A.B. asks: 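I have a structure here, written as structure tokens, and I will follow up with some questions on it.
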Amino acid sequence: MNGADEVVAAPAGPPNPLDWKFSQVFGERTAGEEVQEVDIISAIEFYKSGDYLATGDRGGRVVLFERTDTKDHGESRRDLERVDYSITRHPEFRYKTEFQSHEPEFDYLKSLEIEEKINKIRWCQTANGALFLLSTNDKTIKFWKVQEKKVKKISEMNVDPSKGMRNGPIASSSSSTVHLANGGSPERSHSYLSNDFSFPPGGIPSLRLPTVVSSHETSLVARCRRVYAHAHDYHINSISNNSDGETFVSADDLRINLWNLEISNQSFNIVDVKPANMEDLTEVITSAEFHPTHCNTLAYSSSKGSIRLVDLRQSALCDSHAKLFEEQEAPGSRSFFTEIIASISDIKFGKDGRYILSRDYMTLKLWDINMDSGPVATFQVHEYLRPKLCDLYENDSIFDKFECCLSGDGLHVATGSYSNLFRVFGCAPGSAEASTLEASKNPMRRQVPTPSRPSRSLGNSITRVVRRGAETPGIDANGNSFDFTTKLLHLAWHPTENAIACAAANSLYMYYA
């Protein structure tokens, strides 16, 4: 382009709000169908390329899905570009396989039942066309390998395998005389052969041993490579892979352990918040996550609403943090529920590792790891529930643990709510996007108006954003009361595209924008 044609680009404004559309549903319920407890989805995780999706359920099963739309367009992309044709595809998946990851167990020493429910799934690096993943229940982590194997068949036999041989082995001699080494009756031995097998005329000229050959058919085989057990006294709430591809962490209420993928009988305790006297316990660990690119950096959240960043190079036991992220509560705002709703249920690093997204009961918060004075943005998820906290405490809903996720480009965040709703917020500078969608085939059915521009307050010369959804307190956009029994706890954002997978009971819904 020459100088005369140069155009000065206008300052880029906030991106347009995403227009969400229904893509797919797996395990859709019919009207009035009762959901089995074991079928309820309890974990969702995309593979880092976005080509695979894994879900875990309360029955201890792991189900894998494979992306199909990229394969359909792969061979013709160059032709489409040549004719200036825009590819308007969106991620589509198909069922790939499933396997039983965990079984119910009983700890006889503690007289404790260990349920099979899958708490977390994490993908590991692929190798030689095989998929690897970690899955965990409350106590035991397992390392799985899923691989396509050729089906082997037996061929070149003397006997037609279609003829049944129900009562015994087939004589391999070409003679009709049977010689018994132990002196048994030859007549009696012939009787069991007469029903199922007859020698061809002239006998069998030569004995051909059966051979095993590989056919062109393939089947997916899941094999448990390692079991990482007996390292946690309390329930495991999270696992996270390290970017070095060799290690991972597992966290329970009081400890975080570091494992090597190749060594299942030994782990290193790197964080321990258990006090000498359990009566002095004031907070517990709720989630732990490795930095996406720095293998020495680990973040973990607590029930007091704080996030600690630790450097594994500092000491073997990371009992002192490198950075502490927490928001100071406003004076006079403290109530009986303050600590309960401040508990962080999930944290996620952004793709570049610069930001951490955290979810507590009422809000999503976005933190800059270079600024520990407070969150850079706060998103109100369901502020209309604040007057109902007493009811939520009575029915234990206040202890529900909602997950959160970030888009691959870091411009959007999402989390779940009640009535099978989930919220999507824009976090780009100047964005006021705050969408409410329902996990159904018509996600915009309960769409609420886009709220007015968020209120802002300047602090330490950094803009902080507080954004509210514009719902009517206590009822949804259609005037229906909210259903606290249907909650959308688990969801995941596709790593490279604007697509979300979310779980509503036993159904997996997928949307794209």
Side-chain angles (χ1 to χ4, degrees), residues 26 41-68 91 93-103 116-149 218-229 231-232 236-251 257-264 267 287-290 292 295 346 348-349 351 403 405 408 490-496 499 501-503 508 510:
F26 296 95
I41 297 171
S42 57
I44 301 178
E45 184 77 3
F46 277 106
Y47 182 62
K48 62 182 180 182
S49 69
D51 290 338
Y52 300 98
L53 174 67
T55 66
D57 63 26
R58 293 189 183 179
R61 291 165 301 207
V62 171
V63 183
L64 303 185
F65 300 89
E66 179 181 37
R67 186 171 178 177
T68 58
F93 288 79
R94 70 177 176 197
Y95 170 86
K96 187 174 177 70
T97 188
E98 68 181 82
F99 56 90
Q100 189 72 33
S101 173
H102 287 72
E103 301 278 0
E116 65 271 37
K117 185 186 85 155
I118 305 296
N119 289 344
K120 295 288 179 183
I121 296 173
R122 289 292 180 268
W123 289 95
C124 302
Q125 293 179 353
T126 59
N128 299 326
L131 302 173
F132 295 89
L133 50 87
L134 290 164
S135 62
T136 184
N137 65 352
D138 286 338
K139 295 288 184 181
T140 306
I141 307 157
K142 294 186 179 182
F143 183 47
W144 289 92
K145 177 182 181 180
V146 183
Q147 191 173 28
E148 282 192 353
K149 292 202 170 182
T218 60
S219 66
L220 278 165
V221 178
R223 190 162 65 91
C224 183
R225 295 287 302 274
R226 284 176 192 84
V227 177
Y228 313 90
H232 288 278
I236 297 171
N237 55 49
S238 53
I239 52 177
S240 178
N241 308 70
N242 198 335
S243 58
D244 63 9
E246 297 179 359
T247 56
F248 70 94
V249 292
S250 57
N257 293 332
L258 178 68
W259 301 82
N260 188 299
L261 282 167
E262 302 294 324
I263 303 169
S264 60
S267 66
S287 182
E289 185 91 357
F290 263 121
C295 61
D346 190 27
K348 292 285 194 318
F349 271 100
K351 198 172 184 179
E403 292 179 3
C405 57
H490 311 286
L491 77 172
W493 201 298
H494 192 280
T496 59
C502 56
L508 178 69
M510 308 194 71

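The structure displayed is predicted, hence computed values, not measured ones. Start at 1 with the first residue, then count along the sequence.
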A.B. asks: How are the rings of Trp123 and Tyr47 set to each other: parallel, tilted or perpendicular (split at 30° and 60°)?
C.D. replies: perpendicular
A.B. asks: Would you check if Val227 and Ser264 make a side-chain contact, meaning some heavy-atom pair closer than 4.5 Å?
C.D. replies: no
A.B. asks: Are Ile44 and Leu53 packed together at the side-chain level, in the sense that at least one heavy-atom pair is separated by less than 4.5 angstrom?
C.D. replies: yes
A.B. asks: Restricting to side-chain hydrogen bond (donor to acceptor under 3.5 Å, both in side chains), what partner residues turn up for Ser238, sequence neighbours left out?
C.D. replies: none
A.B. asks: Could you tell me whether a side-chain N or O of Ser240 sits under 3.5 Å from a main-chain N or O of Phe290, the two making a donor and an acceptor?
C.D. replies: yes
A.B. asks: Do Asn137 and Glu116 make a side-chain contact, defined as non-hydrogen atoms from C-beta onward lying under 4.5 Å apart?
C.D. replies: no
A.B. asks: Could you check whether any side-chain N or O of Lys142 sits under 3.5 Å from a backbone N or O of Cys224, counting only pairs where one atom can act as donor and the other as acceptor?
C.D. replies: no
A.B. asks: Are side-chain heavy atoms of Val62 and Trp144 found at a separation under 4.5 Å?
C.D. replies: no
A.B. asks: In chain order, what residues pass the side-chain contact (heavy atoms from CB on, under 4.5 Å) check against Asn128, with sequence neighbours excluded?
C.D. replies: none
A.B. asks: Can you name the side-chain contact (heavy atoms from CB on, under 4.5 Å) partners of Glu103, sequence neighbours left out?
C.D. replies: Gln100
A.B. asks: Mind checking what makes side-chain hydrogen bond (donor to acceptor under 3.5 Å, both in side chains) contact with Glu45, not counting sequence neighbours?
C.D. replies: Arg122
A.B. asks: Evaluate the side-chain proximity of Ser250 to Thr136: yes if any heavy-atom separation is below 4.5 Å, no if none is.
C.D. replies: no
A.B. asks: Has Ser267 got a side-chain atom pairing as donor or acceptor with Trp259's backbone, closer than 3.5 angstrom?
C.D. replies: no
A.B. asks: Is there a donor-acceptor pair under 3.5 Å between the side chain of Arg226 and the backbone N or O of Glu262?
C.D. replies: yes
A.B. asks: Side chains of Glu246 and Ile263: does their closest heavy-atom pair fall under 4.5 Å?
C.D. replies: no
A.B. asks: Under the side-chain contact (heavy atoms from CB on, under 4.5 Å) test, which residues partner Lys96, sequence neighbours left out?
C.D. replies: Tyr52, Leu64, Glu66, Leu131, Glu148, Leu220
A.B. asks: Before you tell me yes or no, could you show the steps for Phe26 and Phe93 under ring-ring contact (aromatic ring centres under 6.0 Å, His included), namely the whole-Å CA-CA distance, both residues' side-chain angles and the distance that decides it to 0.1 Å?
C.D. replies: CA-CA 10 Å; Phe26 296 95; Phe93 288 79; 8.0 Å; no
A.B. asks: Measure the spacing between CG of Asn242 and CZ of Phe248 and express it to the nearest 0.5 Å.
C.D. replies: 11.0 Å
A.B. asks: Using the test side-chain contact (heavy atoms from CB on, under 4.5 Å), find all partners of Val221 that sit at least two apart in sequence or belong to another chain.
C.D. replies: Lys149, Ser219
A.B. asks: A side-chain contact here means heavy atoms from C-beta on lying under 4.5 Å apart; do Asn257 and Tyr228 qualify?
C.D. replies: no
A.B. asks: Taking the side chain as every heavy atom from C-beta outward, state whether Asp138 and Ile236 have any pair of such atoms under 4.5 Å apart.
C.D. replies: no
